[in-house]
Amino acid sequence: MIDDDLGAALRDLGRQIHVPEPPDLTASVLTRINAPRRRNRWLAALIAAVTAFAVAFAVSPAVRAGVQNLLEFAGVEFRTEAPHSVAPPLPSQEVSLAQAREQMPFEIHLPAQLGTPDKITVHEGRFVSLHYGGLRLDQFDGTISSTIGKLVHQEGVEQIGDKIWVPYPHVFFYIDRNGVWHDEAPRGAGQTLLWQRGQVTMRLEGDVTRERALEISAS
């Protein structure tokens, strides 16, 4: 009898207590699962640029003409067409390594695979080129403003981890402090590997294989 009375009392108490419905966490959990991982800002931008190139070349010539200045990241602008106005090449100044280090607002890196360059040139105190025979390694602060312009298409541009490989020769421009594009003709750029080392954008170009370029970038 006592057990029956206790059971009845508990059932009555249960009817009187209001227990709110548990929250539906399904949407929140699915959102977190499906959320993309955060990428390096400029690498994510490049992926978007390559996608834009693919779309631009898949549609009519009129639409392609409208997709001219696609994106800027890490101090590099990628375009499918050259700007309407291009200035002559900027004069370069040949300097010693010590002088270059005094002029640059960042630490100049000498890859162990390349060592001391044969020649060093600078532009505007913000862009340095290390010359190694047929190879050229450019370094500049990729967090401030555009410094280099490239004309490329989507074919073959490859993402390798946090680096970008352009496996074909392409037209290369220097962009000065005022945003003016300067033609580097007659010398166009060869195969190119782009990556960042801290705030510094590194651009290795020349007659170099993908594997060799990656070895140099890691040294």
Side-chain angles (χ1 to χ4, degrees), residues 38-54 56 68-83 104-114 117 120-124 126-176 179 181-184 187-219:
R38 298 184 64 184
R39 289 190 178 97
N40 178 284
R41 178 181 65 84
W42 74 272
L43 183 59
L46 179 55
I47 294 171
V50 174
T51 302
F53 284 136
Q68 186 178 73
N69 186 2
L70 291 179
L71 211 52
E72 183 277 328
F73 55 89
V76 182
E77 286 193 23
F78 283 77
R79 296 193 181 194
T80 57
E81 298 178 9
M104 293 301 111
F106 54 83
E107 180 183 356
I108 298 175
H109 177 61
L110 303 182
Q113 291 276 341
L114 295 177
I120 301 174
T121 55
V122 297
H123 289 302
E124 295 188 311
R126 68 185 183 116
F127 176 90
V128 62
S129 297
L130 311 182
H131 303 266
Y132 298 89
L135 296 180
R136 169 173 164 168
L137 178 61
D138 297 323
Q139 302 181 29
F140 53 90
D141 189 336
T143 66
I144 299 178
S145 62
S146 299
T147 304
I148 282 181
K150 287 174 173 288
L151 300 188
V152 299
H153 53 80
Q154 83 277 15
E155 295 293 335
V157 176
E158 182 182 1
Q159 173 192 346
I160 309 171
D162 58 354
K163 302 172 184 178
I164 299 300
W165 172 244
V166 184
Y168 47 78
H170 52 280
V171 181
F172 167 83
F173 297 86
Y174 177 80
I175 305 174
D176 67 22
W181 287 47
H182 294 260
D183 194 354
E184 288 293 303
R187 189 199 65 78
Q191 299 95 300
T192 299
L193 184 68
L194 289 165
W195 73 99
Q196 281 192 295
R197 190 173 186 272
Q199 71 177 26
V200 181
T201 298
M202 315 284 284
R203 193 190 76 93
L204 177 68
E205 64 107 327
D207 185 12
V208 61
T209 65
R210 173 182 180 274
E211 290 69 25
R212 176 60 176 155
L214 289 172
E215 289 178 0
I216 293 171
S217 70
S219 67

To the nearest 0.5 angstrom, please state how far the [atom1] atom of [X] sits from the [atom2] atom of [Y].
X: Leu193; Y: Thr209; atom1: CG; atom2: OG1; value: 10.5 Å
X: Arg136; Y: Thr192; atom1: CZ; atom2: OG1; value: 10.0 Å
X: Leu194; Y: Met202; atom1: CG; atom2: CE; value: 11.0 Å
X: Leu110; Y: Ile120; atom1: CG; atom2: CD1; value: 7.0 Å
X: His131; Y: Leu114; atom1: NE2; atom2: CG; value: 13.0 Å
X: Leu137; Y: Gln113; atom1: CG; atom2: CD; value: 12.5 Å

With a 4.5 Å heavy-atom cut-off, do Gln159 and Ile164 have their side chains touching?
yes
Validation row: Phe173, Asp183 side chains within 4.5 angstrom (heavy atoms)
yes
Residue pair [X] / [Y]: nearest heavy atoms and the distance that separates them:
X: Leu130; Y: Pro117; result: CB-CB, 4.0 Å
X: Ala213; Y: Val208; result: N-CG2, 3.7 Å
X: Pro111; Y: Tyr132; result: CD-OH, 4.2 Å
X: Gln199; Y: Phe106; result: NE2-CB, 4.0 Å

Angle class for the Tyr174/Phe127 ring planes (parallel below 30°, perpendicular above 60°, tilted otherwise)?
perpendicular
Worked verdict on Asp162 versus Gln196 for side-chain contact (heavy atoms from CB on, under 4.5 Å):
CA-CA 8 Å; Asp162 58 354; Gln196 281 192 295; over 6 Å; no
Could you go through His182 and His123, starting from their C-alpha distance and side-chain angles, then the distance that decides it, and tell me whether this counts as side-chain contact (heavy atoms from CB on, under 4.5 Å)?
CA-CA 12 Å; His182 294 260; His123 289 302; over 6 Å; no
Any donor-acceptor pair under 3.5 Å linking the side-chain atoms of Gln139 with those of Arg197?
no
